[in-house]
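In what follows, chains are A, B, ... by sequence order, proteins preceding strands, each numbered from 1. Here the structure is a predicted model, which means the values were calculated and not measured. When reading the values below, keep in mind they use all heavy atoms of this one structure, side chains included, and skip hydrogens, waters and symmetry mates.
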Number of protein chains: 2
Amino acid sequence: MDKLPPDNPIVSLETHRTLADRVCSQLKHDIIIGKLPQGSKILEEDLAKVYGSSRGPLREAIRRLEGMRLVVRTPHAGARVVTLNHTMMAEVYVVREALEGMSARLAAQQMSTEEIEALWELLEQHEHGIDDADGKVYFQREGDLDFHYRIAIGSKNQWLIQLLSSELYQLIRMCRHCSSRLPSRPTAALNEHRQIVDAIAKRDPVLAELLMRRHISCAWNVVKELLPGQTNG
Amino acid sequence: MDKLPPDNPIVSLETHRTLADRVCSQLKHDIIIGKLPQGSKILEEDLAKVYGSSRGPLREAIRRLEGMRLVVRTPHAGARVVTLNHTMMAEVYVVREALEGMSARLAAQQMSTEEIEALWELLEQHEHGIDDADGKVYFQREGDLDFHYRIAIGSKNQWLIQLLSSELYQLIRMCRHCSSRLPSRPTAALNEHRQIVDAIAKRDPVLAELLMRRHISCAWNVVKELLPGQTNG
DNA sequence: AAACCATAAATTGTCAACAATTGTGGTTAC
DNA sequence: GTAACCACAATTGTTGACAATTTATGGTTT
């Protein structure tokens, strides 16, 4: 465990300077791992006690998580953990396709050779992970997000990085946690990842974008079967 | 003036149920029109008095505007109005290209014939606006954002709508306000808009996306000349 | 029995005081 | 003369109490 999972850098790097930061991180974590069930009401007073703070910092945390779409709030009626349904995740994956496609395009132009080399090494690790996998699905998934996170970083576009890591990826993690054992397709995904890195290494932005969009589209086709909502094929 | 400008629907429709909502709207407005200069410090106590509230609601407003990237905050040191430089807006326009490209693609699939008809009418209004224009640049600009906003709506993707209207468009407005008289290219833009609507009307998602991306790329090429930062062509 | 209104409880919104942190200015030591 | 250090002022972070609003409850009426 030598590497932190991709996370909002603003929050994670600064060692939580303020109480509201800590509360926000913990609350976010508890939402993502499902400790606070989807759709459950967030009682300010109770949760503040749980996290050892007063209502003020907790309210700030709620506002931030609202910005990350992990919490839905209605005035005077309180906040609730977001409910992930088929419709919403479909929308998220469409946005992800657009943003990560652009991210791959830029990465093909902006990534340093060292970064690309590190990407290859990461894929090798993933391959070994598949070989001796006793079904370490969880690690598989985090590894997948790690790959996508690095490409976002490689775009060198702070806005893309921020949008993807602090909003979309959180929801995708949450989604994965709730559909606990999804039939991940490690071999197929790994091949697609290789093709993408290959396009980036060859400095082919158009191909990189195309492959990334197809990759995410495929991922969605796997995920969507496991979600509630409209269960039509 | 029969139509409100594109804005965050959550805030604008609900008539500002709470004081924090009103403060947020006013503060946002004051930032966008430049009443609070870029990079200026936001003193909580002073501004709270200006908006007739205490520090609590103002702090909530700051958190939300931080989420919209209109405010930058550092712990224990306070918040400042964002500073728009060349680098940042370049990143914004790249993200915009990705999101609005996808938006146009979806609009070609999802927009109703009535919506498309309304789009044509809007373009006609804009054409007349050019004819008798005594240089009503401001209206021209808002009209442009109105066009893009409607296409976002047409995508029927709540995430796209939200990201574009409540984050990107605010910054673009702010950017336009600070470069007060930019040589807008109404005729060229109008033609590009027509081509886009044509592609949407013909239900050609790929072409719609392509044209929208080119349109935004051209817009950036005009805007970037008027920004501070690295002034290399 | 079901719908409706009034009241009460619970919860969120707001405020003002208090604590913690940062930046600033001057002083002192080298 | 400069650099480090300490103290003070200004500003942000936090707290608990109070006000406004919503939701639940129970009784009344149709």
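More than 12 heavy atoms of other residues, nucleotides or ligands sit less than 6.0 Å from atom NE2 of H76(A).
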Between the protein and nucleotides 10-12 of chain C, list the N/O to N/O atom pairs that are separated by less than 3.5 angstrom.
| unit_1 | atom_1 | unit_2 | atom_2 | d |
| --- | --- | --- | --- | --- |
| dT12(C) | OP1 | K41(A) | NZ | 3.1 |
| dT12(C) | OP1 | I42(A) | O | 3.3 |

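Q109(B) places a side-chain heavy atom less than 4.5 Å from the side chain of L106(B). Within the 4.5 Å cutoff, no side-chain heavy atoms of R105(A) are placed close to those of M212(A).
Here the straight-line distance linking atom CZ of R73(B) with atom CZ of R80(B) works out to 14.0 Å at 0.5 Å rounding. If you take OG on S155(A) and CE on M111(A), they are separated by 9.0 Å, rounding to the nearest 0.5 Å.
A salt bridge is absent between R150(B) and E115(B); no separation between the charged side-chain nitrogens and carboxylate oxygens falls under 4.0 Å. A salt bridge is defined here as a Lys NZ or Arg NE, NH1 or NH2 lying under 4.0 Å from an Asp or Glu carboxylate O, and K41(B) with D46(B) fails to meet this definition. Ion pairing between a basic and an acidic side chain is recognised when a charged N comes within 4.0 Å of a carboxylate O; R69(A) and E91(A) show no such pairing.
Using a 4.0 Å heavy-atom criterion, one finds that R80(A) contacts no nucleic acid atom at all.
Nucleotides of DNA chain D that come within less than 4.0 Å of any heavy atom of chain A span, from the 5' end to the 3' end, dG13(D) to dT23(D).
At whole-Å resolution of the value, OH in Y51(B) and P in dC15(C) are 15 Å apart.
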